[in-house]
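One structure is given here, and the rest of the page talks about it.
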2 protein chains.
Amino acid sequence: MNNKEKLRKAGLRPTKQRMIIADILLDGINRHFTAENLQNEINSSGNSMSIATIYNCLKKFRNCGLIKQVESSKDTAIFDTNINQHHHFLDEETGELIDIENDEVNLHKLPKIPQGYLNNGVEVLIKIKKQV
Amino acid sequence: MNNKEKLRKAGLRPTKQRMIIADILLDGINRHFTAENLQNEINSSGNSMSIATIYNCLKKFRNCGLIKQVESSKDTAIFDTNINQHHHFLDEETGELIDIENDEVNLHKLPKIPQGYLNNGVEVLIKIKKQV
DNA sequence: AAGTAGTTTAGAACGATTTTAAAGTAAAAA
DNA sequence: TTTTTACTTTAAAATCGTTCTAAACTACTT
C-alpha cells in the first residue's frame, strides 16, 4: 500500500504536506523524533513547511495510529514510528531512547485494570545511566 | 527523623521555604502533584512562595531522591512522593495516575542492559481508557 | 464549474519552566 | 560574636515548545 492509500485509509486527506511527512516517516524504519527533528528532515529534503502544520500533522498521525508518542517527561514531545507495542531504555541524562522489542520483556503478572476501564497498552521503561 | 534532619541528610540547607515544602510533602502519604498544586497547598497552609522557588525546590528534592518525577508526556511535570519503585495506570484522556505497587507486577524476563550502562529503575505504565 | 469543508500558514498568544540579578539568609571562619 | 562566604529566594523578564487565529488555499463533492 502506498502512502496516499495509507492516509486515505486512516481517514486523512492526502494533502501535499501530509504526503511529504508520510514519505519521510512511513518508510518502515523505526525511529524516534521531535517536531523540530522532522522540520529539519523536511528542509533537507528540499521542502519546507510551517511548524504549525508539522504539529497539526503529527497530532493527526498520532490520533490515527500512524505514529506513536512516547511517554517521557522530557520537555519536548518525542514521537515514534514503531507503532507496535514495545518498550524503551531511557538514558535520563541525555534523553536517548533505545527500543526494546515486546518479546524481550515478559510481564508475568499484571494488576487488575480498575473498574470501568480498559487496558490501552503497556509500556515498560527501563531507566539506565552511564557506568562511571 | 524529622524534616530538618532529612534535608540535612540529603545535603540540602534547611531553609524556611524548604521546610514548608518538606512539611507538606514528606508526611509519608503517597501523592501525585504539579508545581501549581503544591503552590496552592502552600497558600492554603497560610504561607506563600515564589513559583521560581517552588520549581527550584522540586528540582533539588528530585535530584536528592526525596521525591520522584513521573514519566509522562503531559505538558505539566508531575511529581510523586512515593519514592519506592512502583508503577502506574494512566488515563490518557484525563491525565489521572493511579499507583500500582511493585509486587503487583511481575517482570519475568528483562532485556540485557546496553553495554556501559546500569539499570536505574524500571517503570511500567499501563495506559487505560474509560469503557464506553 | 461552483460550492463546501477541511487544510495550511505566519504570526500572535499561551503556559510551563528557567533565567536574571539583586536582596536575603544560613553556615563557616575569624 | 562579628564577619565573611556561599547558597537561596524573589519578582519580573525571558525562553521554549506548542496551540490558536483568521485569512488564504486546496481537495473533494455536487
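Keep in mind that the numbers below use all heavy atoms, side chains included, and drop hydrogens, waters and symmetry copies. So that the names make sense, note that chain A is the first sequence line, chain B the second, and so on, each numbered from 1.
Rounded to whole Å, the distance from CD1 on A:I21 to C1' on C:dT9 is 14 Å. A straight line from CE of B:M19 to P of D:dT9 spans 13 Å, rounded to a whole angstrom. Protein atom CD of A:Q39 is 11 Å distant from nucleotide atom P of D:dG17, rounded to whole Å. Rounded to an integer number of Å, the gap from A:R18 CZ to C:dT9 C1' is 14 Å. Residue B:I42 contributes atom CD1, which lies 11 Å from atom P of D:dT9 at whole-angstrom precision. One atom, CE of B:M49, and another, C1' of D:dT8, lie 12 Å apart when rounded to the nearest Å. B:I20 has its CD1 atom 10 Å from the P atom of D:dT9, to the nearest Å. Rounded to whole Å, atom P of D:dG17 lies 13 Å from atom CD1 of A:I54.
Judged by distance alone, the side chains of B:N3 and B:D23 do bring a donor and an acceptor atom under 3.5 Å apart.
Screening residues 93-132 of chain A for ring pair (Phe, Tyr, Trp, His ring centres under 6.0 Å) gives A:H108-B:H108 as the qualifying pairs, with residues at least two apart or on separate chains. For residues 25-35 of chain A, every residue pair satisfying the side chain to side chain donor-acceptor pair (under 3.5 Å) rule, not counting sequence neighbours, is listed here: A:D27-A:R31, A:R31-A:E41, A:H32-A:D80, A:H32-A:H88, A:H32-A:D99, A:T34-A:N37.
Rounded to the nearest 0.5 angstrom, B:H87 NE2 and B:E104 CD are separated by 9.5 Å.
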Distance-only check: which donor-acceptor pairs under 3.5 Å involve side-chain atoms of residues 10-21 of chain B, not counting sequence neighbours?
from: B:T15; atom 1: OG1; to: B:R18; atom 2: N; distance (Å): 3.2
from: B:R18; atom 1: NH1; to: B:R13; atom 2: O; distance (Å): 3.0

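Helix-axis bend for the helix from C:dA1-D:dT30 to C:dA30-D:dT1: the local axis fitted to the five terminal pairs at one end deviates from that at the other end by 20°, rounded to 10°.
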| query | What string of B, S and - do you get for nucleotides 16-21 of chain C 5' to 3' if you count protein non-hydrogen atoms under 4.0 Å? | reply | SSBB--
| message | Base contacts versus sugar-phosphate-only contacts with protein, heavy atoms under 4.0 Å: please encode nucleotides 22-30 of chain C as B, S and - from 5' to 3'. | response | ----BS---
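If you check every strand for non-hydrogen atoms under 4.0 Å, B:K74 touches nothing.
Nearest nucleotide to the B:S50 side chain, out of D:dA11, D:dT9, C:dT9: D:dA11.
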